[in-house]
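Working notes, beginning with the structure itself.
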Amino acid sequence: MPELPEVEVLVHHLQPVIAGKRIRAVQVNRVKILQPTSLSAFKRALQGATFRNLSRRGKYMVFELSAPSSRKKFAVLGHLGMTGKMYVQKKKATLPKHAAVVLDLGAERFVFEDTRYFGRMTLDTSALAHLGPEPLGKEFTAAYFAGQLQKSRQPIKVKLLDQSLVAGIGNIYASEALFLAGIAPSRPADSLTRVEQRDLVRAIRKTIAAAIRLGSTVPLNFGPDPSDALFYFGRHPDAVDYYEESLRVYDRAGKPCINCGSAIQRVVQGARSTFFCPACQKS
DNA sequence: CACCATGTTCCTTG
DNA sequence: CCAAGGAACATGGT
């Protein structure tokens with residue numbers, strides 16, 4: 001489930017696993033994943049390079065590497081799309097069916113698996129320039145938020161998915177944050193009161209921070225071959241869906257609101273599902 | 001077979 | 001040029 005919190009948890013776990021590792025060979029099974037970078041340019045850059053650091057910006061992963069001899073640093077941008085996973089496994093482990101990119105690290109291999117191939121692993125970092133502030137950063141203030149919302153008549157739920165407004169909110173946490181703030185998803189962005197703007201900033205921060213905390217409690221070393229796979233996220237076979245159950249409205253259509261018992265509703269906005277409580281969220 | 005899915009980009013339309 | 005809406009991308013689950 002790659003929204004900001006899932007990417008954050010993955011980056012936290014993956015960073016120490018790949019730092020200092022040198023790439024011996026580059027295998028690309030789906031060139032589309034690299035675009036707009038060409039296969040040859042990607043291979044040329046990564047072959048022999050060493051992972052130095054890994055960080056996150058919005059839903060993007062920023063890999064910093066150093067070139068073989070020159071030690072010159074460069075960046076690779078990663079995005080998990082809808083179904084992407086990145087992990088390191090032993091080389092004797094079976095490669096997944098949809099391994100888009102495989103990097104030989106010696107005894108281990110780095111795998112970017114992506115069933116639907118909506119993800120990216122590319123030398124083009126220009127997407128970062130279009131991102132709004134980090135929701136947990138100090139630049140995401142009520143004043144900034146108010147200024148941006150005033151310029152738009154889009155439904156607030158749709159506006160929250162705009163990565164240039166605030167980076168990292170996806171379809172799940174947009175519904176969750178609006179529920180926490182008590183604001184109906186259909187409200188035009190420019191109709192929020194000053195108090196609602198402030199409440200929504202707080203709700204976004206709280207929702208994202210709580211998800212990161214929860215994700216951090218889920219062990220990532222599981223999967224088809226638990227001993228040697230590091231998944232970006234998921235659920236431990238013994239840990240019973242703890243993460244999923246923490247969602248208050250998302251995917252709970254027809255079920256009782258945890259506050260008032262009313263049936264949670266599902267509506268479609270901008271071709272995506274939105275979940276909300278018609279009683280608790282003010283229209 | 002139908003519909004749904006955590007994301008982004010591109011194309012139309014106004 | 002901008003805003004808004006929707007399809008497209010590709011595969012799998014229910």
Side-chain angles (χ1 to χ4, degrees), chain A residues 1-11 29-37 56-61 77-86 96-101 112-122 124-132 135 148-178 185-191 204 207-208 210-212 214-215 218 220 224 231-235 241 243-254 266-275:
Chain A
M1 301 197 164
E3 295 186 32
L4 185 157
E6 292 73 35
V7 179
E8 174 66 28
V9 171
L10 169 62
V11 163
N29 298 325
R30 193 64 76 109
V31 180
K32 172 185 186 283
I33 285 285
L34 312 179
Q35 67 185 20
T37 300
R56 179 198 59 73
R57 177 79 173 91
K59 300 172 195 172
Y60 289 90
M61 303 171 74
L77 201 64
H79 196 294
L80 300 173
M82 296 272 268
T83 55
K85 299 173 177 180
M86 291 189 188
K97 183 176 178 184
H98 300 290
V101 178
F112 178 14
E113 173 186 357
D114 188 0
T115 310
R116 291 170 72 179
Y117 300 107
F118 287 176
R120 280 288 185 285
M121 191 157 185
T122 176
D124 174 24
T125 60
S126 61
L128 296 178
H130 307 302
L131 296 177
Q148 295 299 306
L149 294 190
Q150 275 162 18
K151 296 192 291 189
S152 173
R153 269 140 298 175
Q154 276 190 302
I156 185 62
K157 153 59 164 45
V158 175
K159 194 65 191 166
L160 287 182
L161 299 179
D162 178 354
Q163 302 299 298
S164 70
L165 169 67
V166 53
I169 298 176
N171 204 42
I172 294 176
Y173 298 122
S175 282
E176 293 295 307
L178 285 168
S186 56
R187 291 276 299 283
D190 63 0
S191 76
I204 288 167
T207 300
I208 296 292
I212 290 173
L214 257 179
V218 178
L220 295 191
F231 275 17
Y232 79 99
F233 201 83
R235 59 192 88 145
D241 233 357
Y243 172 76
E244 304 277 359
E245 287 185 3
S246 75
L247 298 176
R248 294 169 162 88
V249 287
Y250 186 82
D251 207 20
R252 295 195 65 241
R266 172 185 180 270
V267 294
V268 173
Q269 294 180 289
R272 326 255 345 244
S273 291
T274 300
F275 298 86

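Chain A is the first sequence line, chain B the second, and so forth, proteins listed ahead of strands; every chain is numbered from 1. No hydrogens, no waters, no symmetry mates; every other heavy atom, side chains included, goes into these values.
Comparing A:S273 and A:R120 by the nucleotide of DNA chain B whose heavy atom lies nearest to each, the residue mapping closer to the 5' end is A:S273. Remark on DNA chain C: of its neighbouring residues A:V158 and A:R30, the 5'-side contact belongs to A:V158, judged by nearest-heavy-atom nucleotide.
Taking only side-chain nitrogens and oxygens, A:K59 comes nearer than 4.0 Å to OP1 or OP2 of B:dT8. Between A:R272 and B:dG7, a side-chain N or O to OP1/OP2 separation shorter than 4.0 Å is present. Between B:dT8 and A:H130, no contact under 4.0 Å exists linking OP1 or OP2 to a side-chain N or O. For the OP1/OP2 pair of C:dA3 and a distance below 4.0 Å, the side-chain nitrogens and oxygens of A:K151 include no atom meeting the criterion. Side-chain N/O atoms of A:S152 include none lying less than 4.0 angstrom from OP1 or OP2 on C:dC2. A sub-4.0 Å separation between OP1 or OP2 of B:dT8 and a side-chain N or O of A:H79 is present.
The pairing partner recorded for B:dT13 is C:dA3, the criterion being a Watson-Crick or G-U wobble arrangement whose two distances lie under 3.5 angstrom.
Residues A:L161 and A:N171 meet the side-chain proximity criterion, which asks for heavy atoms closer than 4.5 Å. With contacts defined as side-chain heavy-atom distances shorter than 4.5 Å, the pair A:R120/A:Q35 qualifies.
At a threshold of 4.0 angstrom between heavy atoms, the contacts of A:K159 with the nucleic acid are absent. A:F118 comes within 4.0 angstrom of a base, heavy atoms only. Using a 4.0 Å heavy-atom distance criterion, A:G81 is classed as a sugar-phosphate-only contact.
Looking at every heavy atom in both residues, A:D114 comes nearest to A:L80 through OD2-O, 4.1 Å. Pairing each heavy atom of A:Q163 with each of A:I169, the nearest pair is NE2-O, 3.0 Å.
Counting only heavy atoms from C-beta on, A:Q163 has its side chain closest to B:dT8 among B:dT8, C:dG12, B:dG7. Ranking B:dA5, C:dA4, C:dG12 by closeness to the A:T115 side chain, first place goes to C:dG12. In this structure, the nucleotide among B:dG7, C:dC9, C:dG12 sitting nearest to the side chain of A:K32 is C:dC9.
Following rounding to the nearest Å, A:R252 (CZ) and B:dA5 (C1') show an atom-to-atom distance of 19 Å. To the nearest angstrom, P of C:dG13 lies 16 Å from CG of A:D251. Here C:dA10 presents its P atom at 15 Å from NZ of A:K97, a figure rounded to the nearest Å. One atom, CZ of A:R57, and another, P of B:dT8, lie 13 Å apart when rounded to the nearest Å. With rounding to whole Å, A:R116 atom CZ is found 10 Å from B:dA5 atom P. Summarising the geometry, the separation between CG on A:N171 and P on B:dC4 is reported as 13 Å, rounded to the nearest angstrom. A:Q269 has its CD atom 15 Å from the P atom of B:dG7, to the nearest Å. For A:M61 and B:dT8, the CE to C1' distance is 17 Å, given to the nearest whole Å.
Taking only distance into account, the side chain of A:R153 never meets the base of C:dA3 through a donor-acceptor pair shorter than 3.5 Å.
Taking atom P on both nucleotides, C:dG13 is separated from B:dT8 by 23 Å, rounded to a whole Å.
A:K59 places no side-chain N or O within donor-acceptor distance of the main-chain N or O of A:P5, the cut-off being under 3.5 Å. Side-chain N or O atoms of A:E176 include none that pairs as donor or acceptor with a backbone N or O of A:L247 at under 3.5 Å.
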